[in-house]
Trainee: 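Okay, here's the structure, questions in a sec.
Values in this document were obtained by computation on a predicted structure and should not be read as measured data.
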Amino acid sequence: SARVMPTQERKLFSSTLFHKIFKAHTSLSLKKCKGCLYKISTSMVEKGTSLLKMMEISVAEAEKRTGKNAVNMQETYTVYLIETRPVDAASEGTNPVPDSLWRRYSEFELLRNYLLVTYPFSVVPPLPEKRAEFVWHKLSADNMDPDFVERRRVGLENFLLRVASHPDLSSDKIFYSFLTEENGWKETVFETGFQAKADSRLKALNATFRVKNPDKRFAEMKHYGDELQSVISQLLRVRARAADRLYGVYKVHGNYGRVFSEWSAIEKEMGDGLQSAGHHMDAYAASVDDILEEEEHYADQLKEYLFYADALRAVCRKHELTQYELEMAAQDLTSKKQQREELATGTIRTFSLKGMTSKLFGQETPEQREAKLKMLETQIEEGEELVKERNAECEEFVKSAWVDIERFKEQKDHDLREALISYAIMQISMCKKGIQVWNNAKECFSKM
């Protein structure tokens, strides 16, 4: 496993654009602290207060372990070290040792599933991919590959920072205990009963096709989520193909270096110039590995929004389900009122089994009719309350969801704009280095 390092010393993470964005948004000071131990109580985590204002959070390292799984079979898995410390410790002149605990990727998945069910109106940040997708041929798709594990570590840290900066998710006590309590956390999550509240896929699909009055804004946002996922997928495929070809072009320059070096051995006056040009070509060919490693971090930022698109659609699907439940409650209430009217007047407006039964076996007695009317009155009162409750739920969902969707759109526009600009700058820098290599080679040839 990697040596535990202070956040600001971890070059790979601090070089990513995402971290720069978070530092700008939260003014987060990441300083290494040693000394006495500090604790933040759950009472300090208040609604609407970003946890990042009180706590520094990092996933410091990844470690490969071997153990037995649920069916008593040997397996190899990766765990991640989460470190937390109070933000205000430095300002108080103290240097606390960070609290730390280990989590598996499956525990991050459990946390996110809990957040999805508990905060259905929020665009819940996605986790980094479990297995590598959109990879170019030289990149390993093995989820135990050290480079992939490192990129996932960065992604998991980004996930925690996203949640900790969210206006609603950051104040959740289960999330706080995920960061601070290594033992018993899973039991605490399951005790919330969140799994029983989760909507089935079939139920959500049914609502999608049967809702009669969908909110136009959510329908358009759901369609936008589909389109966003599609274009980012295409962009990542193009980038993977370009990386393959770029790698080939750079490595071919290594052949220039070999040929120039061999040529220099048979020349006297031209030998030094050819050999120097060959060294420049060798350096150029070797530089592609660092270039494509940096490119991979920009690809990971795009992948985050590829998965964010599904989180956005999940909010829209939940709204469809809420709207569908409101419509079903209103339809049931209308049906009950019609039954009351028919029973009170003795007039059957629509064909029904009840109407046929009355014609075949005679009308009900006044006592029976009175009892049914009373039961219908009770059901209508309950139905009216249910419609009122469903309507309030729907209105509250729309209000909360749209606030978070607007927050997400602002975040997305900022992040993707900065990522694309930085990617373009990187490409320009790469081209300039290529030009410099050929300028150096030209000077070598000129001196021959």
Side-chain angles (χ1 to χ4, degrees), residues 47 113-124 168 191-222 312-405:
K47 180 78 172 174
N113 289 337
Y114 160 80
L115 294 174
L116 282 170
V117 173
T118 310
Y119 301 90
F121 52 84
S122 294
V123 184
V124 178
D168 296 310
E191 283 171 7
T192 63
F194 82 95
Q195 291 171 306
K197 301 173 190 174
D199 301 314
S200 70
R201 290 184 179 272
L202 185 62
K203 190 177 179 183
L205 188 64
N206 186 44
T208 299
F209 289 107
R210 296 185 65 181
V211 66
K212 294 177 181 176
N213 299 303
D215 188 310
K216 187 179 178 182
R217 294 177 302 170
F218 283 89
E220 289 175 350
M221 190 55 62
K222 186 179 178 184
L312 183 63
R313 292 202 304 269
V315 174
C316 298
R317 287 194 298 269
K318 180 62 180 179
H319 174 262
E320 287 174 340
L321 186 57
T322 307
Q323 179 67 24
Y324 177 68
E325 288 174 345
L326 170 60
E327 290 177 4
M328 288 299 98
Q331 184 177 314
D332 186 59
L333 178 60
T334 302
S335 176
K336 290 286 192 297
K337 286 181 176 179
Q338 185 177 325
Q339 289 178 39
R340 180 182 64 181
E341 186 179 345
E342 290 173 353
L343 198 60
T345 60
T347 305
I348 306 297
R349 292 187 177 182
T350 57
F351 174 80
S352 65
L353 180 62
K354 180 184 173 184
M356 289 295 295
T357 304
S358 298
K359 288 181 179 180
L360 290 171
F361 301 105
Q363 295 290 330
E364 297 169 321
T365 63
E367 291 79 8
Q368 289 175 322
R369 191 183 304 151
E370 186 66 30
K372 285 191 174 182
L373 274 171
K374 283 184 179 180
M375 184 176 68
L376 279 171
E377 288 292 349
T378 302
Q379 290 175 347
I380 287 169
E381 286 179 11
E382 291 173 352
E384 287 174 340
E385 284 298 316
L386 181 61
V387 168
K388 191 183 296 183
E389 182 182 315
R390 290 272 188 261
N391 196 50
E393 284 177 4
C394 197
E395 288 179 356
E396 181 61 31
F397 182 90
V398 169
K399 180 182 175 183
S400 300
W402 207 252
V403 166
D404 201 56
I405 286 172

Trainee: Could you tell me if the side chain of Pro214 sits less than 4.5 Å from the side chain of Glu320, heavy atoms only?
Mentor: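 No, every pair of side-chain atoms sits at 4.5 Å or beyond.
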Trainee: On a heavy-atom basis, which atom in Cys394 and which in Thr322 lie closest, and how many Å separate them?
Mentor: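 Closest approach of Cys394 to Thr322: CA-CG2, 3.7 Å.
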Trainee: Could you grab the distance from atom CD1 of Ile405 to atom CZ of Phe121, nearest 0.5 Å is fine?
Mentor: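 Reported value, rounded in 0.5 Å steps: 12.0 Å.
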Trainee: Test side-chain contact (heavy atoms from CB on, under 4.5 Å) on Val315 and Phe397; report intermediate values, then the result.
Mentor: CA-CA 10 Å; Val315 174; Phe397 182 90; 4.2 Å; yes
Trainee: For the residue pair Leu333 and Val387, what are the closest heavy atoms and their distance?
Mentor: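 That closest heavy-atom pairing would be CD2-CG2, 3.9 Å.
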Trainee: Do Leu321 and Arg317 come within less than 4.5 Å of each other through their side chains, counting heavy atoms only?
Mentor: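 No - every pair of side-chain heavy atoms lies 4.5 Å or more apart.
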Trainee: Measuring from Glu389:CD to Glu325:CD, what's the distance to the nearest 0.5 Å?
Mentor: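 So the CD of Glu389 and the CD of Glu325 are separated by 10.5 Å.
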Trainee: Charged N to carboxylate O below 4.0 Å: is that the case for Lys337 and Glu384?
Mentor: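 Yes.
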Trainee: Rounded to the nearest 0.5 Å, how far does CG of Leu376 lie from CD of Gln338?
Mentor: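 One gets 11.5 Å once the value is rounded to the nearest 0.5 Å.
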Trainee: If I take atom CE from residue Met221 and atom CZ from residue Arg217, how far apart are they, to the nearest 0.5 angstrom?
Mentor: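 These two atoms lie 9.5 Å from each other.
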Trainee: Identify the two heavy atoms, one from Pro120 and one from Lys318, that lie closest to each other, and give their separation to 0.1 Å.
Mentor: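 Between these two residues, the closest heavy atoms are CB-CG, 3.6 Å.
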Trainee: In Å and rounded to the nearest 0.5 Å, what is the CD to NZ distance from Glu377 to Lys372?
Mentor: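 Here the rounded value is 15.0 Å.
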Trainee: Can you list the steps and then say if Glu327 with Gln331 is a side chain to side chain donor-acceptor pair (under 3.5 Å)?
Mentor: CA-CA 6 Å; Glu327 290 177 4; Gln331 184 177 314; over 6 Å; no
Trainee: So, do Glu395 and Lys399 sit near enough that their side-chain heavy atoms are less than 4.5 Å apart?
Mentor: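 No, too far: nothing below the 4.5 Å cut-off.
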Trainee: Look up atom NE2 in His319 and atom CH2 in Trp402, then write down how far apart they are to the nearest 0.5 Å.
Mentor: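 Spacing of NE2 (His319) from CH2 (Trp402) equals 9.5 Å.
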Trainee: Do NZ/NE/NH1/NH2 and the carboxylate oxygens of Arg390 and Glu393 come within less than 4.0 Å?
Mentor: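 Between Glu393 and Arg390 there is a salt bridge, with a charged N closer than 4.0 Å to a carboxylate O.
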Trainee: Do Thr192 and Thr118 come within less than 4.5 Å of each other through their side chains, counting heavy atoms only?
Mentor: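 SC-SC contact between Thr192 and Thr118 ruled out.
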Trainee: Considering only heavy atoms from C-beta outward, does the side chain of Leu115 approach that of Phe194 to under 4.5 Å?
Mentor: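 A side-chain contact under 4.5 Å is absent here.
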